[in-house]
Amino acid sequence: MKSKLTRALALFSLGALLLTISSCKKELINTSVNQNLQTSIAASKVQNFTTSEKVPFDFSIFVPCANGGTGEDVVLSGYLHVVSSFIINGNNVSGKSHFQPQGISGVGTITGDKYQATGVTQDQFKGSLVNGQFQKTTINNFLIIGQGKGNNFTLHENSHITVNANGSLTTIIDNYKSDCK
């Protein structure tokens, strides 16, 4: 079963990408001829936007190797450090997002065992503001590290999608693996 966190991050990233592309397309389409010329001149310059923020993180995840192998929910809290950048260069847009746990710890709901969350999730995308063609790649490494042996839960996923200029989804790759160590 895929992690709710992985799906939420993937859907958030895809939603942000689609919102960015559709907003930019609407802005370019809805301009008058004079404004369109000004927009074309402005678009020829590279525009770069970067954000860095600490986001509260509260999440419960089932760790199947916890509690002597019978599993238990681990309630995690702390912060995610999120760095995002977007570049608009002419009629192209690209971006990167980097999510990294900062002091995220948790407790097993049955055993009271302590856990630490670590890892990194990275997204990259690029697309055209003219025809909607885009690519997106995500790499997610999320680890829940428990005390002692055999109760460390690891999740690794890499995914890639490509949409061509006709709007057809041409590539879908989703490699997912979770393990207890």
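Values below: every heavy atom of this structure, side chains too, minus hydrogens, waters and symmetry copies. All residue numbers refer to positions in the sequence shown, counting from 1.
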J.: From Asn152 CG over to Cys180 SG, what is the distance, rounded to the nearest 0.5 angstrom?
T.: 8.5 Å
J.: State which residues pass side-chain hydrogen bond (donor to acceptor under 3.5 Å, both in side chains) with Asn158; sequence neighbours excluded, sorted by chain then number.
T.: Asn175
J.: With a 4.5 Å heavy-atom cut-off, do Val93 and Phe125 have their side chains touching?
T.: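 Yes, side chains in contact.
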J.: How far apart are the closest heavy atoms of Val163 and Gly132, and which atoms are they?
T.: CG1-O, 4.4 Å
J.: In sequence, state the C-alpha distance, the side-chain angles, and the governing distance for Asn92 and Leu129, and then conclude on side-chain contact (heavy atoms from CB on, under 4.5 Å).
T.: CA-CA 6 Å; Asn92 297 301; Leu129 298 174; over 6 Å; no
J.: Members other than Leu143 in its cluster, when Ile, Leu, Val, Met, Phe, Trp, Tyr link by side-chain heavy atoms under 4.5 Å?
T.: Ile145
J.: When you compare the side chain of Tyr176 with that of Leu155, does any pair of heavy atoms fall below 4.5 Å?
T.: yes
J.: Checking Lys54 against Tyr79: charged group under 6.0 Å from the ring centre and within 45 degrees of the axis?
T.: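 Yes, Lys54 lies over the aromatic ring of Tyr79.
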J.: To the closest 0.5 Å, what do you measure between CD1 (Ile61) and CZ (Phe142)?
T.: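 Reported value, rounded in 0.5 Å steps: 6.0 Å.
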J.: Identify the two heavy atoms, one from Ala66 and one from Asn151, that lie closest to each other, and give their separation to 0.1 Å.
T.: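 In terms of heavy atoms, the two residues are closest at CA-CB, 4.2 Å.
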J.: Do Val75 and Leu80 belong to the same hydrophobic cluster, where Ile, Leu, Val, Met, Phe, Trp and Tyr are linked whenever their side-chain heavy atoms lie under 4.5 Å apart, directly or via other members?
T.: no
J.: Does Asn141 have any side chain to side chain contact (heavy atoms under 4.5 Å, CB included) partners at least two apart in sequence or in another chain, and if so, which?
T.: Ile139, His156
J.: So, for Asp179 and Lys181, which heavy atoms are closest and what is the spacing to 0.1 Å?
T.: OD2-CE, 3.5 Å
J.: For Gln135 and His160, run side-chain contact (heavy atoms from CB on, under 4.5 Å): C-alpha distance rounded to whole Å, both residues' side-chain angles, the deciding distance at 0.1 Å, then the answer.
T.: CA-CA 7 Å; Gln135 296 180 43; His160 179 82; 3.5 Å; yes
J.: CZ of Phe99 to CD of Gln122: how many Å apart, nearest 0.5 Å?
T.: 10.5 Å
J.: Look up atom CG in Asn140 and atom OG in Ser159, then write down how far apart they are to the nearest 0.5 Å.
T.: 8.5 Å
J.: Looking at side-chain heavy atoms only, is the closest gap between Ile161 and Phe134 below 4.5 Å?
T.: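 In short, these two side chains touch, coming nearer than 4.5 Å.
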J.: Between side-chain atoms of residues 165-173 and protein atoms elsewhere (two or more places apart, or another chain), which donor-acceptor pairs fall under 3.5 Å?
T.:
residue : atom : partner : partner atom : Å
Thr170  : OG1  : Thr162  : O            : 3.3

J.: Linking I/L/V/M/F/W/Y whenever any side-chain heavy atoms sit under 4.5 Å apart, do Ile88 and Val83 land together?
T.: no
J.: As an exercise, state the distance from OG of Ser178 to CZ of Phe153, rounded to the nearest 0.5 Å.
T.: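 Answer rounded to 0.5 Å: 4.5 Å.
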J.: Only distances under 3.5 Å count here; give the side-chain donor-acceptor pairs of residues 108-115 to other protein atoms, sequence neighbours excluded, each with its distance to 0.1 Å.
T.:
residue : atom : partner : partner atom : Å
Thr109  : OG1  : Asp73   : O            : 3.2
Thr111  : OG1  : Glu72   : OE1          : 3.4
Thr111  : OG1  : Glu72   : OE2          : 2.6
Thr111  : OG1  : Asp113  : N            : 3.1
Thr111  : OG1  : Asp113  : OD2          : 3.3

J.: Nearest heavy-atom pair of Gly119 and Pro101: which atoms, and what distance?
T.: O-CD, 3.1 Å
J.: What pairs with Gln100 under side-chain hydrogen bond (donor to acceptor under 3.5 Å, both in side chains), at least two apart in sequence or on another chain?
T.: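 Here the qualifying residues are His98.
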J.: At what distance, to the nearest 0.5 angstrom, does CD1 of Ile87 lie from CG of Asn48?
T.: 4.5 Å
J.: Taking Thr138 as the fixed residue, which of Asp123, Thr121, Asp174 is the one that meets the side-chain hydrogen bond (donor to acceptor under 3.5 Å, both in side chains) rule?
T.: Asp123
